[in-house]
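Note sheet for the following structure.
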Amino acid sequence: MTTSQTPDKTAKPAREVRNEADRVLIFDTTLRDGEQSPGASMTLEEKLQVAEMLDEMGVDIIEAGFPIASNGDFQAVSEISKIVKNAVVAGLARAGFKDIDRAGEAVQGAERPRVHTFISTSPVHMKFKLQMEPSEVLDAVSKSVERARSYTNDVEWSPEDATRTETDFLCRCVEAAIKAGATTINIPDTVGYFVPDEYKALLEMLRERVPGADEVVFSTHCHNDLGMAVANSLAGVAAGARQVECTINGIGERAGNASLEEVVMAINTRNDVLPYWTGIDTTLITRASKLVAGVTAFPVQYNKAIVGKNAFAHESGIHQDGMLKHTQTYEIMTPEDVGLKESSLVMGKHSGRHAFREKLKELGYELGENAFQDAFQRFKDLADKKKHVFDEDIEALVDDEMATADHIKVVALTVIAGTGGPQKATITLEVDGKHETREASGDGPVDATFNAIKAIVPHDARLPLYQVHAVTEGTDAQAEVSVRLEEAGKTVTGRGADTDTMVASARAYVSALNKLIVKREKTAPEKMMAS
Ligand code: KIV
Ligand code: ZN
């Protein structure tokens, strides 16, 4: 083809009138598949925070959990169902009636409830995992979907391990699910095995061959074992799928799920070749990413597309020179598109309550009066210690403040560290209103601090994670510490921030202990029911 004009590949296409047929529904499963990844468990309060964030950013369907898994999961799904304003709320269930009933009950309070039921259809899963004959699985498909329809008209059905399922059998299962009343058919690449061409062909084949396929929404659910989850999801969309299942930061089982931010920004940025649209407010992506990374203590890899620390950083001289001349030389989307703002200097120690309240609003926080006063005091203390207080400092401080429950508080800490040893810590905690002080030694100052805390609050929890990162640059940066504790199969993550790494560590450990206490209280009725 010859053309007299070179097409401007950097120009954004004018947003045409949006056609409903091109809309891709975003189904977020951060709270279910994401939370299933080892160590990513969240407390009820954290799940509610994430659900509110997803709803605000325009996610169409929020998979809130797997209600049969535990009383805690059931409670989370039902509480989320009550607070979500716009999105459909889905509860996951296996094919058994007990599972489906539990999911159906959990989503009853939602404005728009969905039950998502699944069963494995691949030979290896049917034989070894389910120990069921294909005919029994086929029968269970119809029965499970019918049962789910008795709770809601919005029923999604998934053949687990669909991509390793024998084609004719998959067609028969999908047909049975549609006949029984499923309104969404999800095709999981459960083990992340497929490549885009194969996944596209599978979706095309199903849409062509299965009677009734044109009456349902087809959905993608791709895992990232070979790093192709997003590419496979987009290939599924090209084949006619109009729902994509994904997670914030791509968290999920093993290598994770397709990442929401990558799917959405690919569609937005390359709309010339991906002529679809979503309802996501992309300017909330960075906030959502930080929230999920924070509550799960799963750090986002620096070079992760869209939300990694370096995703918009230009280091080499040639690139910086190009950027200064024209940002489109090296930028295919802007940091503002995903809500990443220039790190801005916050008011100094002379700033008043009004300015601080405005800053919190700008950063997306709404605090009650008491929490606001506490946060303001901590901001003042920080401004006294630290020359420059940045947005990130305020975020770390408020996240820390919001995460702190009331049972135990850090009052004072003194640490002796250095090469001489032994390292020692003396800590004063307020435990249910009473002050207690202990001294302990340890293998380093953190160990000594944690031993002193443990002397006041004895427990048997394991500590599978201790993680520190600097909130901003410079030696006066705040340290943000995450501590994960695990007790009797329950996992909690606490966070703490301070310019003193030891104080931040003590706060994180105490925050995790507070969460553990709440978890113990909540699980007590469960234990009683079981006995
Ligand atoms: O990966 C998978 O197959 C799933 C199903 C439950 C949808 O998560
Ligand atoms: Zn999955």
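Values in this document were obtained by computation on a predicted structure and should not be read as measured data. In listed order, ligands and their atoms are each counted from 1. Numbers here simply count residues along the sequence, with the first being 1.
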Quick check on R207: does its CZ atom have over 12 non-hydrogen neighbours (other residues, nucleotides or ligands) under 6.0 Å away? no
Just say parallel, tilted or perpendicular for the rings of Y509 and F450, cut-offs at 30° and 60°. parallel
If you measure every N/O of D161 against every N/O of ligand 1, is any gap under 3.5 Å? no
Is the side chain of R32 donor-acceptor paired with the backbone N or O of L92 at a distance under 3.5 Å, no angle test? no
Side chain or backbone, does H221 bring an N or O within less than 3.5 Å of an N or O on ligand 1? yes
When you look for heavy atoms under 4.0 Å from ligand 1, do you find them on the side chain of D33, its backbone, both, or neither? side chain
Atoms of ligand 1 less than 4.0 Å from H223 heavy atoms? 1 (O)
Heavy-atom proximity to atom 7 (C) of ligand 1, best of E160, H125, H116: H116
Which bit of E253 gets closer than 4.0 Å to ligand 1, counting heavy atoms only: side chain, backbone, both or neither? neither
Please confirm whether the backbone N or O of P113 pairs with a side-chain atom of T152, one donor and one acceptor, at under 3.5 Å? yes
Within the distance-only criterion (no hydrogens, no angle test), does the side chain of S41 pair as donor or acceptor with the backbone N or O of T491 below 3.5 angstrom? yes
Do D28 side-chain atoms and T30 backbone N/O form a donor-acceptor pair below 3.5 Å? yes
V59 backbone acceptor or donor facing D55 side chain under 3.5 Å: no
Contact (N/O only, under 3.5 Å) between E245 and ligand 1: no
Do me a favour and list the nearest non-hydrogen protein atom to atom 3 (O) of ligand 1 with residue, atom name and distance? T190 OG1, 2.7 Å
Atom 5 (C) of ligand 1: nearest protein contact (heavy atom, Å): R32 NH2, 4.1 Å
Under 4.0 Å from any heavy atom of P188, which atoms of ligand 1 are there? 2 (C), 3 (O)
So, of the N/O/S atoms that D33 has, which is the nearest one to the Zn ion (ligand 2)? OD2
Quick one: does N303's side chain have a donor or acceptor within less than 3.5 Å of a partner on A311's backbone? no
Answer side chain, backbone, both or neither: which part of E156 comes under 4.0 Å from ligand 1, heavy atoms only. neither
What does the angle at the Zn ion (ligand 2) come to, between atom NE2 of H221 and atom NE2 of H223, rounded to 10°? 100°
D161 and T190: side chain donor to acceptor below 3.5 Å: no
